[in-house]
There are 2 protein chains.
Amino acid sequence: MNVKRADTIADALEERIFTGEFGDGERLDEIRLATEFGVSRTPVREALQRLVASGMARHLPRRGVFVRQPGPVELMEMFETMAEIEGVCGRLATLRISEQALGRLEAANTRCQAAVESNDADGYYRENERFHHVIYQQAGNSFLEQEALRLHRRLKPFRRIQLRLRGRMAQSMREHQAIVAALKAGDAERAAKALREHVAIQGEKFHLLMSRLKPEANEV
Amino acid sequence: MNVKRADTIADALEERIFTGEFGDGERLDEIRLATEFGVSRTPVREALQRLVASGMARHLPRRGVFVRQPGPVELMEMFETMAEIEGVCGRLATLRISEQALGRLEAANTRCQAAVESNDADGYYRENERFHHVIYQQAGNSFLEQEALRLHRRLKPFRRIQLRLRGRMAQSMREHQAIVAALKAGDAERAAKALREHVAIQGEKFHLLMSRLKPEANEV
DNA sequence: GTCAACGATTTTGTATACAATATCGCCTGT
DNA sequence: ACAGGCGATATTGTATACAAAATCGTTGAC
């Protein structure tokens, strides 16, 4: 193992929170996890601290660490924030993007199109991610890029679902093309708006799916 | 002590990094800090992890944690990101702000004006902070608000300095008034632009001061 | 029967002990 | 004299032991 054990434990726990194996409010028992991972409490506690720092769990002093699944309201807030940050990245990228990066965007879009045609959701998802990462990077601000990546990653399990909606992949594809068009035209405000709405729609589609699947889970 | 010891240690270390007592690249020796704080290594290690999580230090496995002071480039990136986020908050707040909050903004501005007239930089700083916090809050997105507060806090030691520039307080005051005017007019784009530039100028002024004070520190 | 208080138990937070690995200095060989 | 390797030392990472505090159950009083 290249990284220290506490890091791997943190990753494993993170994954389990993402998949929903750990429900909201569930206490993460240090001893239980320690025995489960076959380690002492020390590395488990380090991992838990990492979860708390990333906002995936809450720490109540002398009480323990409790997983904190975002509710519908917070999820919509996170999607809105992501949309705004993407918009910012898009506006800055319009002014700063390189020719090469524009090429990478179009290449990713081409592969997205292929995925749409073969109805390959996984492939689309992968290329879509690449597309967005290029835009974050081309905003020309490493700090902003890192923040965008952080939130992007946090929303990953929720973003993925909405691609299952009928026709969403093709719609997303058209939005990508509009984004590239605005970037090529050097129209920063149009690029910002296109990206903002592209992500906002993802949030709305996700919300739609959630309210369909479990309509009772819409409060708090 | 209400909070656990590791938290207070983290706060103390954070403060010392902010004040520059710990320089960039300096190793934070667990044993040294433990003896200094009169505790064992365990709470010190927890505190160090918190610093790493907040980006104020870096952790090299089996090597230790090293303080990571942002260089001029990263600082400008952080100011630019802050400017963009404030712009976003401003745009959203224009659509969502309450009458009461508008009143609070104007009250804060009035107190700012008083501080300008008595040349009270500390007072100005305090009311300026309140002003911005109201805008974050009125964006109507708790998640975004928390992100804004986090970055705002991170930039605190650097934001404060620029107020010492001659005439900066009065200029900042005028910018605040333009922001409130845009908010009252319901012109979201104008409010966004005004806030973006207000913060961007802070970054520029800070940069100006830095290049004056230590012109050799402008690389990396 | 219910509520409160007290003690036992569990669990977190901290200290210390141990293990593993990196760093530094010395020594030897060329 | 300098480079490389080997060992001593120091430091991080993990395990265990201990302390403090919260929870839970029981018991007793009303």
Side-chain angles (χ1 to χ4, degrees), chain A residues 1-18 20-70 220, chain B residues 1-18 20-70 220:
Chain A
M1 206 80 67
N2 197 4
V3 294
K4 64 173 188 174
R5 201 135 45 159
D7 290 348
T8 16
I9 294 173
D11 289 342
L13 293 178
E14 210 168 286
E15 186 63 23
R16 288 215 243 172
I17 291 178
F18 273 158
E21 183 181 333
F22 289 139
D24 184 54
E26 189 169 341
R27 187 171 72 90
L28 295 173
D29 190 283
E30 296 177 1
I31 299 174
R32 198 177 85 72
L33 293 172
T35 58
E36 185 176 328
F37 283 101
V39 297
S40 77
R41 279 173 52 217
T42 313
V44 170
R45 281 176 63 86
E46 285 197 15
L48 292 183
Q49 279 187 274
R50 245 185 59 172
L51 293 186
V52 170
S54 71
M56 297 175 56
R58 270 187 131 45
H59 172 87
L60 304 182
R62 292 277 180 197
R63 305 277 306 260
V65 172
F66 300 83
V67 343
R68 173 159 153 50
Q69 293 282 13
V220 178
Chain B
M1 206 83 65
N2 197 3
V3 293
K4 65 173 188 174
R5 202 133 45 157
D7 290 347
T8 49
I9 294 173
D11 289 344
L13 292 179
E14 210 168 286
E15 186 63 24
R16 288 214 243 172
I17 291 178
F18 272 159
E21 183 181 333
F22 289 138
D24 184 53
E26 189 168 341
R27 186 171 73 89
L28 295 173
D29 189 285
E30 296 178 359
I31 299 173
R32 199 176 84 71
L33 293 172
T35 58
E36 184 177 327
F37 283 102
V39 298
S40 77
R41 278 173 55 219
T42 312
V44 170
R45 280 176 65 85
E46 286 197 15
L48 293 183
Q49 279 187 276
R50 247 185 59 171
L51 293 186
V52 170
S54 71
M56 298 176 56
R58 271 187 128 49
H59 172 86
L60 304 181
R62 293 276 179 196
R63 306 276 307 261
V65 335
F66 300 82
V67 342
R68 174 162 150 50
Q69 294 281 13
V220 178

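From a predicted model like this one, the values you see are computed outputs, not experimental measurements. Below, chain A is the first sequence line, B the second, and so on; all start at residue 1.
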Enquirer: Rounding to an integer number of Å, can you tell me how far Phe37(A) CZ sits from dG13(D) C1'?
Expert: 17 Å
Enquirer: What is the separation between atom CZ on Arg45(A) and atom P on dA15(C), rounded to the nearest whole Å?
Expert: 12 Å
Enquirer: Tell me every residue that passes side-chain hydrogen bond (donor to acceptor under 3.5 Å, both in side chains) with Glu14(B), counting only those two or more places apart in sequence or in another chain.
Expert: Arg153(B)
Enquirer: Ala47(B) and Ala6(B): which non-hydrogen atoms are nearest, and at how many Å?
Expert: CB-O, 3.7 Å
Enquirer: Restricting to side-chain hydrogen bond (donor to acceptor under 3.5 Å, both in side chains), what partner residues turn up for Asp29(A), sequence neighbours left out?
Expert: Arg27(A)
Enquirer: Show every salt bridge (charged side-chain N to carboxylate O under 4.0 Å, His left out) that has at least one partner inside residues 31-43 of chain A, sequence neighbours left out.
Expert: Arg16(A)-Glu36(A), Glu30(A)-Arg41(A), Arg32(A)-Glu36(A)
Enquirer: Just jot down the salt bridge (charged side-chain N to carboxylate O under 4.0 Å, His left out) partners of Asp24(B), sequence neighbours excluded, or say none.
Expert: none
Enquirer: Are any protein N/O atoms closer than 3.5 Å to N/O atoms in nucleotides 18-23 of chain C? If there are, list each pair with its distance.
Expert:
unit_1	atom_1	unit_2	atom_2	d
dT23(C)	OP1	Arg63(B)	NE	2.6
dT23(C)	OP1	Arg63(B)	NH1	3.1
dT23(C)	OP1	Arg63(B)	NH2	3.1

Enquirer: Let me know, please, whether Asp29(B) or Ser40(A) comes out on the 5' side of the other along DNA chain D by nearest nucleotide.
Expert: Asp29(B)
Enquirer: Once you round it to whole Å, what is the distance between P of dT10(C) and CD1 of Ile31(A)?
Expert: 10 Å
Enquirer: Taking CG from Leu60(B) and P from dT11(D), how many angstroms apart are they, rounded to a whole number?
Expert: 16 Å
Enquirer: With side chain to side chain contact (heavy atoms under 4.5 Å, CB included) as the test, pick out the partner of Pro43(A) among Ile9(A), Leu33(A), Leu48(A).
Expert: Ile9(A)
Enquirer: Could you list all the salt bridge (charged side-chain N to carboxylate O under 4.0 Å, His left out) pairs where at least one residue sits in residues 55-68 of chain A, not counting sequence neighbours?
Expert: Arg68(A)-Glu74(A)
Enquirer: From dA15(C), dT12(C), dA15(D), pick the nucleotide closest to the side chain of Thr42(A)?
Expert: dA15(D)
Enquirer: Specify the separation, in whole Å, of atom CZ of Phe66(B) and atom P of dT12(D).
Expert: 8 Å
Enquirer: On DNA chain C, compare the nucleotides closest to Val39(B) and Leu28(A); which residue's is nearer the 5' end?
Expert: Leu28(A)
Enquirer: Of all residues at least two apart in sequence or in a different chain, which pass the side chain to side chain contact (heavy atoms under 4.5 Å, CB included) check with Ser54(A)?
Expert: Met56(A)
Enquirer: Any N/O pairs under 3.5 Å between the protein and nucleotides 6-8 of chain D? List them or say none.
Expert:
none

Enquirer: Rounding to a whole Å, what distance do you find between Glu46(B):CD and dT12(C):P?
Expert: 12 Å
Enquirer: When all nucleic acid strands are considered with a 4.0 Å heavy-atom cut-off, which category describes Arg27(A): base, sugar-phosphate, or nothing?
Expert: sugar-phosphate
Enquirer: Is there a side-chain contact between His59(A) and the phosphate of dG13(C), meaning an N or O under 4.0 Å from OP1 or OP2?
Expert: yes
Enquirer: Check side chain to side chain contact (heavy atoms under 4.5 Å, CB included) between Val52(A) and all other residues, then give those that pass, not counting sequence neighbours.
Expert: Ala57(A), His59(A), Val65(A)
Enquirer: Between C1' on dT11(D) and CD on Glu30(B), what's the gap in Å once rounded to a whole number?
Expert: 8 Å
